There are 2 protein chains.
Amino acid sequence: MAVVGATGLVGEAMIEILEQREFPVENLYPLASDNSAGKTIFFNEQSRKVELLDSFDFSQVDIALFAASDDVAMQYGPVAAREGAVVIDTSAAFMDEPDIPLVVADINPQQLVDYNLTNIVVCPGGASVPLLTALAPLHRQVGIHRLNITVCQSVSGNGRAGVEELAAQTAALLNTREPQTRVFSKQIAFNLHPLAGAVADNGATSTELQIIRATRALLGNEYLDMHVSCVQVPVFFGHSATVHIETDSPISAWEVRDLLLEIPDLDVIDEPDAGGFATPVTEAAGNDQLYVSRIRNGLDNENSIDMFIVADNVRKGAALNSVQIAELLIAHYL
Amino acid sequence: MAVVGATGLVGEAMIEILEQREFPVENLYPLASDNSAGKTIFFNEQSRKVELLDSFDFSQVDIALFAASDDVAMQYGPVAAREGAVVIDTSAAFMDEPDIPLVVADINPQQLVDYNLTNIVVCPGGASVPLLTALAPLHRQVGIHRLNITVCQSVSGNGRAGVEELAAQTAALLNTREPQTRVFSKQIAFNLHPLAGAVADNGATSTELQIIRATRALLGNEYLDMHVSCVQVPVFFGHSATVHIETDSPISAWEVRDLLLEIPDLDVIDEPDAGGFATPVTEAAGNDQLYVSRIRNGLDNENSIDMFIVADNVRKGAALNSVQIAELLIAHYL
């Protein structure tokens, strides 16, 4: 097993989850692109040296978990796949490839049957996995024909550099120094930005398009009427989303709650007046659970539901699903 | 002229704006409910003692600007109106009264004609004024039949106590001390909450209902299909909103931009890839402008527009509109 981007936030979480779930790894190869190569990481209490991605021979491994940028995935994913490793990629690089299956382990494990068309499997981004985990059962039950979603992305969506920038800017401002911007184009401390990621020609960002494509693919409706806005917020860990859903059949907020409670690893916390709501800091960060709060019908409208979803984007959103996909591959295909 | 809640954030901004616009005030009476009475404030370089609201005789003034809580407005608004002052209220207390006009000075000044039905005029909340300023011209041009809005509320929506709590919690966390919660029910520093304000029986919050009611009233469609989620974010000043709009007639993002540019005090900042977007800190805070970014059509859909709106909730959202309403009253009715 190789982990590409092993020293990043998602890579580290993958290695931690491999340990916690006692994944049968014979040899773990932590890989990184340049400045992190040579560092030491620990796996099952044994030290491993981080190797250089560029010179790695992927024929040594069955599975390569990619926790790197779109560019790195685009460059090295096909190489690894050609050399015989099954690539599980968390970036948006292969989002538009019709032959590459997009898999959330809890929702569409059957799609993995197509893994060998290209030897690449896509794990949808940090915001999509939790969203789809909550939406898929609802879609099966009452049919979703419309979605409006605003995602509030935490700075860890930009990796460790994003986390460090929020911390450094906050400390600077509290000491009345000028905050420095590197990762984000404007101050992010005590602020929010109306986008996360690069902007495409049509005005949507890559993250927004990724969420729309993943949702349409996983709900099996490529024309689903769907509108997504991503906002970058000064939160370290945990992507949140306000979700507006229009359904084919009427459903009450209580029925939605009962349906969601059947989903493994999903908690409903919903007594908002008594402080009964989930937040990134108090519930999501560091956990593999997904949390749903504020489930309510539209005013006088039983065909519409609003709710709030929050989960740790690094663990629940990216790392855990990748490891779960690897488990399914081992169990059924490799 | 009386200002109720004169030592609060909105009250202070009202007094500042009265000065800046050279509003013809003969005597300014700053009022407060208890612990702030006796303090001194300055108006046009003259000191004024803050008087106790409870014992004030409103027959001395023509206009009373209310920058207080729903409870204070509910208790003292009708008293002031009965004693002969025209009350301009920024709270949600009179939101549901059919005889009380809801006015945004730039949009429906003609509604002021009904001011003397009750002697009370409502200025919609900090999030609604900027939203409606941008939406009303669009509605006139192409007809809006559906709105999905997520508002990211800054902590100044909870007054000075909200601002102080975010600052204190942030400082505590950077010094590895436990953050204290008083105003907000959970940690707000580096976090967000899926609600702002109290929750009603139907699961919506008072703020969400207020935005829906104000929008329906001002766009003149009490059945407008509208869904709002409010999120509390760790930003000091400036409410932001992601807005999804469905229109009766098709309109391109460029046409929307041209239409918005005709609105006074509205700036379009929209080259997002080059850092061309507005944020609470870098544009909105402390300004009377309203900023719009990321104007885009839905994917393959010229009857849908998404955009981002941000403005200073204290100044643009509440204080400025109240003073503008007072100016209209003086000019046309008093």
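Note that the structure is a prediction, hence the values are computed from the model and not measured.
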Which heavy atom in [X] sits nearest to a heavy atom in [Y], and how many Å separate them?
| X | Y | value |
| --- | --- | --- |
| A/H227 | B/S304 | CE1-OG, 3.4 Å |
| B/P280 | A/N191 | CD-OD1, 3.0 Å |
| B/A278 | A/P194 | O-CD, 3.5 Å |

Which one of [options] has the most heavy-atom pairs closer than 4.5 Å to chain B?
| options | answer |
| --- | --- |
| A/T242, A/T282, A/V243, A/L192 | A/L192 |
| A/D270, A/N301, A/V235 | A/V235 |
| A/A284, A/G197, A/P272, A/A189 | A/P272 |

In terms of heavy-atom pairs under 4.5 Å, which option from B/L195, B/N202, B/V233, B/L173 contacts chain A the most? B/L195
Tell me which of these, B/T279, B/V231, B/L174, has more heavy-atom pairs under 4.5 Å with chain A than the rest. B/T279
Measuring from B/E283:CD to A/K186:NZ, what's the distance to the nearest 0.5 Å? 4.0 Å
Would you mind checking which part of [X] comes under 4.5 Å of any heavy atom in chain A, side chain (CB onward), backbone (N, CA, C, O), both or neither?
| X | result |
| --- | --- |
| B/E246 | side chain |
| B/D306 | side chain |
| B/E208 | side chain |
| B/V228 | backbone |
| B/F190 | both |

Could you check whether any side-chain N or O of A/D273 sits under 3.5 Å from a backbone N or O of B/V199, counting only pairs where one atom can act as donor and the other as acceptor? yes
Measure distances from A/Q232 to the heavy atoms of chain B and classify the residue's part below 4.5 Å as side chain, backbone, both or neither. neither
Does any backbone or side-chain atom of A/T205 lie under 4.5 Å from a heavy atom of chain B? Answer side chain, backbone, both or neither. both
Step through the shown structure and confirm whether more than 12 heavy atoms of other residues, nucleotides or ligands are within 6.0 Å of CZ on B/R257. yes
Any non-hydrogen side-chain atom of A/L299 less than 4.5 Å from a side-chain atom of B/I212? yes
Within a strict 4.5 Å, meaning less than it, do heavy atoms of the B/F277 and A/S185 side chains meet? yes
Side chains of A/R296 and B/S229: is there a donor and an acceptor less than 3.5 Å apart? yes
